[in-house]
There are 2 protein chains.
Amino acid sequence: MESEIRLFRQFIKKKGLRYTREREAVARAVLARQDHFDVEELHLTVQAERPVSKASIYRTIPLLIEAGLLAEVFHEDGHMHYEPMFGRGHHCHLRCTQCRQVKEFSDHRLNEIERDVGLKFGFAVEGHKLEIFGLCPDCQAKGQEGP
Amino acid sequence: MESEIRLFRQFIKKKGLRYTREREAVARAVLARQDHFDVEELHLTVQAERPVSKASIYRTIPLLIEAGLLAEVFHEDGHMHYEPMFGRGHHCHLRCTQCRQVKEFSDHRLNEIERDVGLKFGFAVEGHKLEIFGLCPDCQAKGQEGP
DNA sequence: GTATCTGCAAACCCTTTGCAATAAG
DNA sequence: CTTATTGCAAAGGGTTTGCAGATAC
């Protein structure tokens with residue numbers, strides 16, 4: 001984690017910005033998480049270490065994304081959800097449409113599809129987002145026995 | 001198109017709801033489109049035939065989605081974008097991150113991935129959303145010659 | 001005739017922004 | 001010291017909702 005923090009500091013400095021306690025606190029909170037979260041949750045996590053306003057959270061998020069430490073996952077329930085990029089390879093999401101739990105997976109065939117589609121349309125592909133949705137085992141079971 | 005309208009009418013009736021002029025106007029506007037659109041554009045399209053408030057557009061959208069005539073595509077620029085499902089097979093999107101144009105494609109390997117991931121996690125898969133993004137040929141060219 | 005639906009306008013919620021005070025370098 | 005950054009509170013913009021009048025059936 002410390003190496004990512006150093007990276008973030010370098011990134012901030014290189015842009016001619018100031019490395020503030022608030023920015024570091026947000027970065028640390030993001031790196032400490034292993035799962036998806038929204039701004040509300042991130043704000044609470046950050047608060048545990050240092051009082052930082054939501055405005056600053058919102059202003060720091062684009063920096064973390066540009067620095068490669070954070071990524072938008074999907075917009076749901078009227079707000080954006082994020083995930084840390086700390087030492088994790090690219091992966092996709094499998095979501096239960098009932099209980100909303102999210103599983104992660106990756107599949108090499110996606111790289112092939114990405115390459116082929118890029119070639120076909122002449123695009124310089126930068127990445128992809130795949131989400132598969134359905135009912136998880138638990139919700140399938142509950143669905144059968146009734147409410 | 002008339003057959004889809006009939007389908008929608010059946011759907012509405014079966015739910016014990018009322019088949020109003022407004023609902024039909026929104027359904028017709030959706031079916032008439034072949035491309036992506038947002039609520040603002042849909043509202044304008046509907047208005048051409050009949051004055052319908054935005055509130056009614058918003059209230060009708062979930063019905064059209066449930067009826068299988070409409071689908072959410074992605075949330076961008078602070079609002080949701082939709083596409084008609086009128087007689088079109090499932091497809092995915094290739095988007096230019098610069099000019100925002102969207103191409104459609106489909107690939108059989110996605111069905112395989114969907115099936116395999118579902119089996120691995122025990123999910124009853126309902127569908128997927130794949131978006132590949134990158135630079136379209138035009139924007140690549142413009143990028144090289146400078147602004 | 002009755003219950004649902006519509007339009008309007010206000011409410012909501014997430015996100016962004018203007019500004020004076022504060023802190024980084 | 002100088003300029004960027006913060007917190008606050010207000011503004012913004014998409015979406016939802018309460019309510020009285022209109023409409024489907």
Side-chain angles (χ1 to χ4, degrees), chain A residues 5-6 8-30 36-67 70-82, chain B residues 5-6 8-30 36-67 70-82:
Chain A
I5 287 289
R6 242 172 287 134
F8 182 56
R9 185 186 181 123
Q10 281 175 23
F11 170 84
I12 291 291
K13 294 288 196 176
K14 193 166 294 173
K15 284 186 78 95
L17 304 177
R18 294 180 180 173
Y19 190 69
T20 63
R21 304 145 193 267
E22 289 82 1
R23 283 176 178 160
E24 173 161 337
V26 179
R28 284 191 184 278
V30 163
H36 300 144
F37 54 85
D38 55 26
V39 169
E40 185 62 34
E41 296 173 301
L42 178 56
H43 188 214
L44 290 176
T45 309
V46 174
Q47 298 280 39
E49 187 186 329
R50 162 177 291 279
V52 175
S53 71
K54 253 189 195 169
S56 288
I57 304 276
Y58 276 112
R59 286 189 271 231
T60 305
I61 284 174
L63 295 173
L64 290 163
I65 291 176
E66 203 186 333
L70 181 66
E72 293 188 344
V73 194
F74 44 67
H75 181 96
E76 194 176 73
D77 301 322
H79 57 270
M80 185 56 71
H81 294 244
Y82 302 87
Chain B
I5 287 290
R6 243 172 287 132
F8 182 56
R9 184 184 183 125
Q10 280 176 23
F11 170 84
I12 291 291
K13 295 287 195 177
K14 192 166 296 175
K15 284 185 76 93
L17 304 176
R18 293 179 179 174
Y19 190 69
T20 62
R21 303 146 194 267
E22 288 81 1
R23 284 177 177 159
E24 173 160 337
V26 179
R28 285 191 183 278
V30 163
H36 300 148
F37 55 85
D38 56 25
V39 170
E40 185 63 34
E41 295 172 301
L42 179 57
H43 188 215
L44 290 175
T45 310
V46 174
Q47 298 281 39
E49 187 185 331
R50 162 177 290 277
V52 175
S53 71
K54 252 188 196 171
S56 288
I57 303 276
Y58 276 112
R59 286 190 270 232
T60 305
I61 284 174
L63 296 173
L64 290 162
I65 291 176
E66 203 187 333
L70 181 66
E72 293 189 342
V73 194
F74 42 68
H75 181 95
E76 195 177 70
D77 301 322
H79 57 270
M80 185 57 71
H81 294 244
Y82 302 88

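Sequence lines set the chain letters: A, B, ... in the order given, protein chains first and strands last, and positions in each chain run from 1.
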DNA chain D contacts made by residues 71-81 of chain B, counting heavy atoms under 4.0 Å: Gly78(B), His79(B), Met80(B)

Check: protein-nucleotides 17-23 of chain D nitrogen or oxygen pairs below 3.5 Å:
none

Side-chain heavy atoms of Thr60(A) within contact of Val52(A), under 4.5 Å: no

Spacing between Arg9(B) atom CZ and dA24(D) atom C1', to the nearest angstrom: 10 Å

Any side-chain heavy-atom pair of Phe11(A) and Leu17(A) under 4.5 Å: no

Heavy-atom closest pair, residues Arg59(B) and Pro62(B): O-CD, 3.5 Å

Closest non-hydrogen atom pair between Phe8(A) and Arg23(A), with its separation: CE2-O, 3.7 Å

Nearest non-hydrogen partners of Arg50(A) and Ala25(A), listed with the distance: CD-CB, 4.1 Å

First of Ser56(B) and Val39(A) reached from the 5' end of DNA chain C, by closest nucleotide: Ser56(B)

Interatomic distance, Lys14(B) NZ vs dC25(D) C1' [rounded to whole Å]: 19 Å

Parallel, tilted or perpendicular: rings of His81(A) and Phe74(A) (30°, 60°): tilted

For atom OH of Tyr82(B) and atom P of dG14(D), their distance in whole Å: 13 Å

Within-4.5 Å side-chain heavy-atom neighbours: His79(B) and Val39(B): no

Over all atoms of both residues, closest heavy-atom pair of Leu70(B) and Ile61(B): CD2-CG2, 4.0 Å

Sugar-phosphate, base or nothing in reach of Lys13(A), heavy atoms under 4.0 Å: sugar-phosphate

Between dT6(D) (P) and His43(A) (NE2): distance, integer Å: 13 Å

Nearest heavy atoms of Met80(B) and Asp38(B), plus distance in Å: O-CB, 3.6 Å

Check against side chain to side chain contact (heavy atoms under 4.5 Å, CB included), Tyr82(B) and Leu42(B): CA-CA 9 Å; Tyr82(B) 302 88; Leu42(B) 179 57; over 6 Å; no

Contact interval (first through last nucleotide) of DNA chain C with protein chain B, 4.0 Å heavy-atom: dA3(C) to dC8(C)

Nearest atoms (heavy-atom pairs only) where Glu41(A) meets His36(A): OE1-O, 4.3 Å

